[in-house]
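The chain is numbered in sequence order, starting from 1. Computed from heavy atoms alone, side chains included, the values below leave out hydrogens, waters and symmetry copies.
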Amino acid sequence: MTVVLDTNALMMPVECDIRVFEELQRLLGTVDPIVPEQVLAELDSLSDGASEAATAASVGFDLAERCRVVEAEPDYADDAVLAVARRDGVEYALTNDKPLRERLLAAGVPVISLRGEHKLAITHP
């Protein structure tokens, strides 16, 4: 199963104490995680400083090494996630960003997001 991850999905291990890749495997079995290059750029820019968000972005940037990086046309990370999610072969998007989640569901893309304290769940359009 191919899953596109957004910025906050990669920050979940620090911000939500969730093991993203283990949870994806629990939900879907074998997973091919992908990330648009705009998400990497956003994580890189957010990782400056000593705040919890900067730490989460730095960890997210490191976790992105486990993902296949893909190109997308839009410059903004959320738009890039939506564009990639609409491609053939991409079955799911992982995000905890409510506006992006709504845009993905409206586009017919099933969304994986946080449910409860440490679990991910799938919402179908």
Side-chain angles (χ1 to χ4, degrees):
M1 296 284 163
T2 303
V3 180
V4 60
L5 286 75
D6 80 338
T7 303
N8 72 45
L10 289 163
M11 294 171 65
M12 280 183 192
V14 173
E15 294 182 337
C16 304
D17 192 29
I18 187 165
R19 296 181 163 282
V20 172
F21 295 104
E22 288 82 356
E23 272 296 292
L24 285 174
Q25 187 173 11
R26 179 189 64 80
L27 276 176
L28 304 171
T30 302
V31 175
D32 175 23
I34 61 175
V35 62
E37 40 190 29
Q38 292 85 339
V39 167
L40 292 179
E42 186 172 50
L43 286 167
D44 187 43
S45 70
L46 291 171
S47 66
D48 287 338
S51 67
E52 183 178 336
T55 300
S58 181
V59 169
F61 191 83
D62 290 343
L63 285 174
E65 291 179 4
R66 297 175 65 175
C67 302
R68 184 167 42 100
V69 179
V70 295
E71 294 180 10
E73 280 298 313
D75 290 333
Y76 181 60
D78 285 358
D79 294 340
V81 168
L82 181 60
V84 170
R86 293 172 130 169
R87 292 181 183 167
D88 286 340
V90 177
E91 287 96 357
Y92 299 95
L94 172 57
T95 184
N96 223 29
D97 178 303
K98 188 174 180 177
L100 178 57
R101 184 175 178 263
E102 291 172 1
R103 290 174 64 197
L104 288 160
L105 290 170
V109 178
V111 176
I112 301 170
S113 57
L114 188 63
R115 292 287 190 271
E117 288 188 32
H118 305 289
K119 300 278 184 193
L120 295 176
I122 301 169
T123 303
H124 293 278

Exercise for the section: Show your reasoning for whether side-chain contact (heavy atoms from CB on, under 4.5 Å) applies to Leu10 and Phe61. Expected result: CA-CA 7 Å; Leu10 289 163; Phe61 191 83; over 6 Å; no

Where do [X] and [Y] come nearest, in terms of heavy atoms and distance?
X: Val90; Y: Val84; value: CG2-O, 3.4 Å
X: Val109; Y: Leu105; value: O-CD2, 3.6 Å
X: Asp48; Y: Ala54; value: O-CB, 3.4 Å

- Message: Holding to salt bridge (Lys or Arg N to Asp or Glu O under 4.0 Å), I want the full list of residues that pass it with Asp32, two or more places apart in sequence or in another chain.
- Response: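 Salt bridge (Lys or Arg N to Asp or Glu O under 4.0 Å) list for Asp32, sorted by chain: Arg68.
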
(Q) Run the side-chain contact (heavy atoms from CB on, under 4.5 Å) test on Val35 and Leu43 for me, step by step, so that the C-alpha distance in whole Å, both residues' side-chain angles and the decisive distance to 0.1 Å come before the verdict. (A) CA-CA 11 Å; Val35 62; Leu43 286 167; 5.8 Å; no

Report the distance from atom [atom1] of [X] to atom [atom2] of [Y], rounding to the nearest 0.5 Å.
X: Leu104; Y: Thr123; atom1: CG; atom2: OG1; result: 11.0 Å
X: Gln38; Y: Glu73; atom1: CD; atom2: CD; result: 9.0 Å
X: Leu114; Y: Asn96; atom1: CG; atom2: CG; result: 5.0 Å
X: Asp6; Y: Met11; atom1: CG; atom2: CE; result: 10.0 Å
X: Tyr76; Y: Leu82; atom1: OH; atom2: CG; result: 11.5 Å

**Any side-chain heavy-atom pair of Asp44 and Ser47 under 4.5 Å** =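 With C-beta onward as the side chain, the pair touches.
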
> Is there side-chain contact between Cys67 and Phe21, with heavy atoms separated by less than 4.5 Å?
Replying inline: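 They are in side-chain contact.
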
When you measure from the side chain of [X] to the backbone N and O of [Y], does any donor-acceptor pair fall under 3.5 Å?
X: Glu15; Y: Asn8; value: no
X: Glu23; Y: Leu120; value: yes
X: Glu91; Y: Thr2; value: yes
X: Arg26; Y: Lys119; value: no

Note to self: Can you tell me which residue among Leu94, Leu28, Val111 is in a side-chain contact (heavy atoms from CB on, under 4.5 Å) with Ile122?
What the structure shows: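 Going through Leu94, Leu28, Val111 one by one, the side-chain contact (heavy atoms from CB on, under 4.5 Å) with Ile122 is satisfied by Leu28 alone.
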
Practice problem: Please list, chain by chain and in numerical order, all residues satisfying side chain to side chain donor-acceptor pair (under 3.5 Å) with Asp79, sequence neighbours excluded. | Solution: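 Arg103.
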
Practice prompt. Can you establish whether the number of heavy atoms outside Glu37 located under 6.0 Å from its atom CD is more than 12?
Written response: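 Yes.
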
TODO: Check the surroundings of atom CD in Glu22: do more than 12 heavy atoms from other residues, nucleotides or ligands lie under 6.0 Å from it?
DONE: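 Atom CD in Glu22 is crowded, with more than 12 foreign heavy atoms closer than 6.0 Å.
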
Output, in order, the C-alpha distance, side-chain angles, deciding distance and verdict of side-chain contact (heavy atoms from CB on, under 4.5 Å) for Tyr92 and Val31. CA-CA 10 Å; Tyr92 299 95; Val31 175; over 6 Å; no

Step-by-step side-chain contact (heavy atoms from CB on, under 4.5 Å) determination, Arg87 to Val4:
CA-CA 10 Å; Arg87 292 181 183 167; Val4 60; over 6 Å; no

Practice prompt. Report whether Val69 and Leu24 are members of the same hydrophobic cluster (ILVMFWY, side-chain heavy atoms less than 4.5 Å apart, transitive linking).
Written response: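 Result: yes, single cluster for both.
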
